[in-house]
Amino acid sequence: MYKMMTPGPTMVAPSVLKARSREFGNPDTDADFCEEYHALCRELAGLLHTDNEVYILGGEGILGLEAACASLTEPEDRVLVIDNGVFGKGFADFVRLYGGEPELYTVDGRRPVDPEALRRFLEKNHDYKYATVVHCDTPSGVLNDIATICPLLKEYGILTVVDAVASMFGEEVRVDDWQIDVVCGGSQKALSAPPGLAFVSVSAAADAAMCSRRTPIASFYCNLLTFRDYYRDKWFPYTMPISDIYGLAEAVRIVREDTGRIERHRAIASAVRTAAERAGLERYLETGDASTVTVLRVPDGLTDRQIIDGMREKYDILISGSFDVLAGKVIRLGHMGRNADTEAVAQMMGALTGTLESLGYSCGCDMEREFRAELQNFRGHGIL
Ligand SMILES: *Cc1c(COP(=O)(O)O)cnc(C)c1O
């Protein structure tokens with residue numbers, strides 16, 4: 001099997017695969033399962049620094065985003081869609097699907113949203129039920145300052161919905177301190193479980209907004225209120241994917257015990273970028289790269305496919321291109337979750353050097369050696 005160094009899905013620990021193969025009972029009727037599910041939701045809440053309810057949903061990360069919009073949006077609700085990337089803009093589609101009126105706040109996709117400019121916008125425009133913002137917008141790798149943006153939105157009484165699917169556990173996410181009403185995460189990114197599960201946290205204010213709707217939620221599967229009383233009633237709205245949840249529990253255990261993970265992500269990301277720049281490669285972003293993914297421009301004269309296929313065929317390492325407006329223009333190196341591992345990333349950088357050289361691009365250095373040398377700056381801090 002090739003090494004999957006993509007910005008999700010990520011490599012999965014053998015113990016997670018093993019946990020998924022555990023024998024299982026009927027999750028609809030087994031009280032033990034309900035307890036395990038509840039305990040796992042509370043653990044996720046702890047890792048996200050929140051007292052809010054957390055629900056694990058049976059579906060990929062996208063399900064959480066759509067469920068947040070389906071559950072909050074009523075016909076004609078005005079929603080501020082903060083857009084500096086593909087996922088950012090994509091929220092407008094979900095808002096529209098459920099009858100809301102998205103208003104796009106679109107800014108340069110090569111840097112994070114500037115909270116001061118947003119403040120000036122909000123001074124004049126703040127009549128929104130909720131706002132959506134992406135923490136790490138993975139196609140470009142930009143990291144938005146949700147620690148500043150969400151409290152700013154709340155000053156104007158706007159509920160906050162954050163897509164933290166690609167940042168969570170590789171970057172700090174503090175739901176209560178940062179006043180995030182709904183945060184969305186997924187199993188297959190920095191948590192390093194297989195794809196298949198989404199989770200959301202729901203604040204009291206978001207819950208109140210869902211409960212006091214004038215119109216019913218126009219979905220069953222995306223209706224977060226169906227989970228609201230699951231623990232009291234010992235009842236789930238649909239049969240929970242129990243094996244996926246066993247795997248998730250093991251992945252969460254690993255993350256919980258990996259206390260240096262945020263600093264390690266930061267060190268590895270920094271060393272990757274320094275090494276790439278020494279090889280003359282250009283970052284897509286001007287500023288604001290997340291620690292979970294590095295996005296590099298495809299050098300002139302090459303295609304993303306040549307680089308991706310070269311690395312896969314010769315080195316058994318899978319990296320990825322991008323999509324939407326960035327399709328063909330960039331390659332993406334994933335270093336999140338289990339892939340934020342110095343050896344795995346060093347090999348990827350060596351393979352990238354070899355592949356580019358074989359395609360006629362002169363790196364002028366060995367990015368693996370540069371990466372390792374750069375990491376020395378972080379050694380001795382107990383994080384690698
Ligand atoms: C991966 C990802 C998602 C979820 O997408 P899936 O197709 O369900 O994996 C949502 N938002 C962001 C920013 C992501 O990176």
With sequence neighbours left out, write down each residue that passes salt bridge (Lys or Arg N to Asp or Glu O under 4.0 Å) with [X], or none if nothing qualifies.
{"X": "Asp258", "answer": "Arg264"}
{"X": "Arg372", "answer": "Glu343, Glu368"}
{"X": "Asp177", "answer": "Arg174"}

Connected hydrophobic set around Leu17, excluding itself, where side chains approach under 4.5 Å: Val12, Val16, Ile254
Is any NZ, NE, NH1 or NH2 atom of the basic residue among Glu277 and Arg273 found under 4.0 Å from an Asp or Glu carboxylate oxygen of the other? no
Are the charged groups of Glu357 and Lys314 less than 4.0 angstrom apart, N to O? no
Inter- and intrachain pairs under ring-ring contact (aromatic ring centres under 6.0 Å, His included), touching [range], at least two apart:
{"range": "residues 174-198", "answer": "none"}
{"range": "residues 47-68", "answer": "Tyr55-Phe227"}
{"range": "residues 134-171", "answer": "His126-Tyr156"}
{"range": "residues 86-116", "answer": "Tyr105-Phe121"}

Of all heavy-atom pairs between Gly58 and Leu197, which one has the smallest distance, and what is that distance? CA-CD2, 4.2 Å
Under the ring-ring contact (aromatic ring centres under 6.0 Å, His included) test, residues paired with Tyr221 that sit two or more places apart: Tyr238
With sequence neighbours left out, the residues meeting ring-ring contact (aromatic ring centres under 6.0 Å, His included) with Phe236 are Phe33, Tyr37, Tyr230
Salt bridge (charged side-chain N to carboxylate O under 4.0 Å, His left out) pairs touching residues 47-60, sequence neighbours excluded, are none
By side chain to side chain donor-acceptor pair (under 3.5 Å), which residues pair with Glu101, not counting sequence neighbours? none
Flag for Lys189-Thr292: side-chain donor and acceptor within less than 3.5 Å: no
